[in-house]
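Both ligands and their constituent atoms are indexed starting at 1 by order of listing. Please read all numbers here as calculations on a predicted model, not as lab measurements.
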Amino acid sequence: MVTTDALRLEGMTRSFGGSAPAVNRVDLRLEAGSLFCLLGPSGCGKSTLLRLIGGYLAPDAGRVLLAGADVTDTPLERRDIGMVFQNYALFPHLTARTNVAFGLEARGVPRSERRQRVDAMLDRVGLSPAERERRPHELSGGQQQRVALARALVIRPKLLLLDEPLANLDRQLREQMRVELKEIQRATGVSALLVTHDQEEALSLADRVGVMLGGRLLQVDAPRVLYNRPRTPFVAGFLGLANLLRVAGAKGDTFHLEGGLALRGTAAKGSWAMIRPEKFRLGPAAEHCPSRWTGRVTSTLFLGAQQVLQVAVAPAVTVRACCRPGEAGDGDEVTLGVPDDAVWIVPEDDL
Ligand SMILES: Nc1ncnc2c1ncn2[C@@H]1O[C@H](COP(=O)(O)OP(=O)(O)OP(=O)(O)O)[C@@H](O)[C@H]1O
């Protein structure tokens, strides 16, 4: 079956006169009905890319296709895109209900239909009847967020853009809104692109994640693939904890890492071996592993359900390994078993 992508970007580039473009030759496809997270550190170009898609900014080069149609030169009000900003950008003098109705009024939707659609959308985002009559400053951050989401969705956009929508909420509310946001996106079937610098948010929300650095998209994949099979050292280190060890050389079915450590398998000199901390085996389980490293615990970090150890496994080489709380402590000598499937070779450099 041939389906049209909700969004397609081809060679998007935009400079602000600095030495490197803020967005540099970005290609991207967003499947209809899916949620895509654009993830990257501050200043990597996420917001600029979002503004280019929304039509708030023109590209120096490249094309934006919405549901197959080229909208690169279409003004933003005719792109059929809903936008949720980090600061919500609600009209301060309008009630929640009139904020949501605004886009429908501007599009000439008749009053009775308007009322019905606004109420249905405010039901969907869970705003109570009393809250609907309040103005933004009389609502909490979470409630304003719901209004902003309803306002963006009520116009039935072809694409929903969200710029760090949960960044201003406290941790508990952020986690709750994360679940609700995903439910609303699923229920409405809207194609959505969300920008965040929070890796946990991206991994838990997205169907696919794109990791950005220095204006470039380094890798686009499903969350599990990005976590388990990062293609560059930056992606490996940006998503969760990663031990990254440089491959110094290979011989037969063994390769050597910095500090004289050895692992079974094949890897090219100069690439990186990644081992996630939770992949090590400790205690009796280590004995069954093909590669074993011994070292002293230099520090421990208690995280509730688990504990992260720093283990000095070679001169100047310290790795992080997860274990059960209390399984090992500061100063203990431990053996870390490395199962074959614990090692992922990171093939490329970053840019
Ligand atoms: N209007 C502008 N004029 C000049 N430089 C800009 C402008 N907008 C963005 N930049 C620059 O482009 C680069 C990318 O900025 P952008 O805001 O897209 O990053 P970001 O990944 O969204 O960061 P953050 O998460 O901090 O918002 C930065 O170096 C920034 O200083």
Side-chain angles (χ1 to χ4, degrees), residues 7-30 35-64 66 71-73 75-76 79 81-90 141 144-145 148-149 152 159-171 173-175 177-178 181 192-206 208-221 223 226 230-240 350-351:
L7 171 73
R8 197 161 159 176
L9 303 179
E10 292 175 359
M12 291 295 277
T13 301
R14 168 73 198 215
S15 294
F16 292 107
S19 52
V23 169
N24 197 352
R25 286 176 283 151
V26 168
D27 298 319
L28 182 72
R29 301 172 73 135
L30 195 158
L35 198 162
F36 187 99
C37 279
L38 200 56
L39 176 68
S42 183
C44 73
K46 308 180 295 289
S47 301
T48 303
L49 187 59
L50 209 66
R51 283 155 66 207
L52 290 168
I53 299 168
Y56 297 84
L57 199 64
D60 299 331
R63 299 204 305 158
V64 183
L66 262 188
V71 297
T72 316
D73 299 319
L76 67 105
R79 286 193 185 194
I81 289 179
M83 178 95 187
V84 176
F85 298 91
Q86 185 175 342
N87 59 4
Y88 318 132
L90 298 171
Q144 289 182 46
Q145 172 64 255
L149 192 58
L159 179 68
L160 176 67
L161 300 178
L162 306 123
D163 193 359
E164 302 265 6
L166 310 179
N168 288 339
L169 306 176
D170 64 45
R171 190 183 167 89
L173 188 57
R174 195 160 67 226
E175 283 170 10
M177 286 300 292
R178 206 185 272 169
L181 185 62
L193 192 150
L194 182 149
V195 159
T196 181
H197 64 270
D198 179 340
Q199 42 121 344
E200 206 180 289
E201 191 167 304
L203 290 181
S204 62
L205 264 178
R208 291 206 311 151
V209 178
V211 180
M212 225 174 150
L213 181 68
R216 305 289 298 272
L217 256 186
L218 295 181
Q219 186 171 356
V220 176
D221 263 312
L226 271 182
R231 277 210 305 268
T232 83
F234 179 80
V235 176
F238 199 64
L239 288 136
D350 283 315
L351 291 172

Residue list, ring-ring contact (aromatic ring centres under 6.0 Å, His included) with Phe238, at least two apart or on another chain: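 Partners of Phe238 by the ring-ring contact (aromatic ring centres under 6.0 Å, His included) criterion, ordered by chain and then number, come out as Phe234.
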
Sidechain-backbone polar pair: Arg208 side chain, Arg29 backbone, donor-acceptor under 3.5 Å: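 Yes: the side chain of Arg208 pairs with the backbone of Arg29.
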
Under 3.5 Å donor-acceptor, Asp163 side chain and Val195 backbone: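 Looks like no, no N/O pair under 3.5 Å.
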
Pocket residues of ligand 1, ordered first by chain and then by residue number (heavy-atom cut-off under 4.0 Å):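 Its neighbours under 4.0 Å (heavy atoms only) are Phe16, Ala22, Pro41, Ser42, Gly43, Cys44, Gly45, Lys46, Ser47, Thr48, Arg51, given by chain and number.
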
Taking every non-hydrogen atom, the tightest pair across Asp221 and Gln219: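 Residues Asp221 and Gln219, closest heavy atoms: OD2-NE2, 3.0 Å.
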
Side chains of residues 35-52: which donor-acceptor pairs under 3.5 Å do they make with residues two or more places apart or in other chains?
{"from": "Lys46", "atom 1": "NZ", "to": "Gly40", "atom 2": "O", "distance (Å)": "2.9"}
{"from": "Lys46", "atom 1": "NZ", "to": "Pro41", "atom 2": "O", "distance (Å)": "3.1"}

Can I get a per-line list of side-chain donor-acceptor pairs under 3.5 Å for residues 8-18, giving both atom names and the distance, sequence neighbours left out?
{"from": "Glu10", "atom 1": "OE1", "to": "Arg63", "atom 2": "NE", "distance (Å)": "3.1"}
{"from": "Glu10", "atom 1": "OE1", "to": "Arg63", "atom 2": "NH2", "distance (Å)": "3.2"}
{"from": "Thr13", "atom 1": "OG1", "to": "Gly11", "atom 2": "O", "distance (Å)": "3.3"}
{"from": "Thr13", "atom 1": "OG1", "to": "Arg25", "atom 2": "N", "distance (Å)": "3.0"}
{"from": "Arg14", "atom 1": "NH1", "to": "Ala58", "atom 2": "O", "distance (Å)": "2.8"}

